[in-house]
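Since we're looking at a predicted model, the values are computed, not measured.
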Amino acid sequence: MSFGWRAGLCGVDALTPNALVLTGRVTRADVPALCARLEALLDGRAVAVPPAAATVVDCDVGGVIRPDLALVEAVARLGLVARRAGDVELRLRNVPAELVALLDLVGLTDVVGHIRADPE
C-alpha cells in the first residue's frame with residue numbers, strides 16, 4: 001500500500017472504542033483493503049457490543065496528506081460498508097477543511113453520521 005494506516009480497537013473514547021485511522025496518501029487502489037479492514041473490525045463487534053446497541057466507528061483522517069477524490073471515494077465506500085453492516089454509524093474525526101469541501105462539492109456530506117474537523 002502506498003499509505004500508512006491502522007485500524008482496530010484503539011480506544012478513541014470509552015463509548016466508541018472502534019477506530020479506523022488513516023494516514024499518509026490514500027489512493028484508489030487502497031480502497032478495497034480499507035473496506036476489508038472495516039468489515040473485519042465490524043465482524044469483531046458481536047462480542048463487544050450488545051445486539052440492540054448501535055455500533056459507532058470513528059474514522060480518523062487527520063493524518064492523511066493531500067486529501068483528494070481518492071480519499072472521497074474511500075470515505076464513500078467506507079460509509080457504504082457501514083450501512084450494509086446494519087446498525088453502524090461511521091464518524092469522521094480530525095477532518096481537514098479540504099476534505100470537508102470535497103465531500104460537500106460532490107454531495108457526500110451525509111455519507112457519514114458526523115464530521116468533526118477539530119482535533120480531539
Side-chain angles (χ1 to χ4, degrees):
M1 291 192 170
S2 61
F3 68 101
W5 62 278
R6 60 186 167 85
L9 300 176
C10 299
V12 172
D13 62 48
L15 298 175
T16 59
N18 297 317
L20 184 66
V21 180
L22 283 61
T23 60
R25 176 112 171 133
V26 176
T27 67
R28 292 188 76 207
D30 299 323
V31 175
L34 284 172
C35 292
R37 184 61 185 119
L38 178 57
E39 288 170 346
L41 180 66
L42 293 173
D43 284 345
R45 72 186 162 133
V47 175
V49 178
T55 299
V56 176
V57 176
D58 286 321
C59 183
D60 188 328
V61 294
V64 173
I65 56 172
R66 291 192 292 158
D68 58 12
L69 290 177
L71 180 58
V72 169
E73 179 182 351
V75 168
R77 298 231 347 241
L78 289 170
L80 184 59
V81 168
R83 274 196 303 274
R84 287 181 177 167
D87 206 8
V88 178
E89 177 185 355
L90 181 69
R91 296 189 308 194
L92 291 183
R93 299 285 182 135
N94 303 318
V95 184
E98 298 91 345
L99 179 57
V100 173
L102 285 170
L103 288 170
D104 190 45
L105 178 68
V106 298
L108 292 176
T109 305
D110 294 333
V111 166
V112 293
H114 302 282
I115 296 177
R116 187 173 184 166
D118 57 329
E120 294 182 40

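- Residues A82 and V88 approach most closely at O-CB, 3.4 Å, considering heavy atoms.
- Residue G79 comes nearest to L90 through the heavy atom pair N-CD2, 3.6 Å, listed as atom of the first residue, atom of the second, then distance.
- In this structure, R37 and L20 approach most closely via the heavy-atom pair CG-CD1, 4.0 Å.
- To the nearest 0.5 Å, atom CG of residue L34 and atom CD of residue E73 are 10.5 Å apart.
- The minimum heavy-atom distance between L42 and A85, with the atom names listed, is CD1-CB, 3.6 Å.
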Pair L78-V57, side-chain contact (heavy atoms from CB on, under 4.5 Å): steps then yes or no: CA-CA 10 Å; L78 289 170; V57 176; over 6 Å; no

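- With hydrogens and angles ignored, the 3.5 Å screen pairs a side-chain donor or acceptor of D68 with a backbone N or O of L71.
- The nearest pair of heavy atoms linking V31 to A70 is CG2-O, 4.2 Å.
- L103 places a side-chain heavy atom less than 4.5 Å from the side chain of L92.
- L102 and I65 are assigned to two separate hydrophobic clusters, defined by single-linkage of ILVMFWY side chains at heavy-atom distances under 4.5 Å.
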Stepwise side-chain contact (heavy atoms from CB on, under 4.5 Å) check, R28 with L69: CA-CA 9 Å; R28 292 188 76 207; L69 290 177; over 6 Å; no

Stepwise side-chain contact (heavy atoms from CB on, under 4.5 Å) check, V72 with L105: CA-CA 10 Å; V72 169; L105 178 68; over 6 Å; no

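- Here CG of D58 is found 8.5 Å from CD of E89. Values are rounded to the nearest 0.5 Å.
- The heavy-atom pair separating R25 from D30 by the smallest distance is O-OD2, 3.8 Å.
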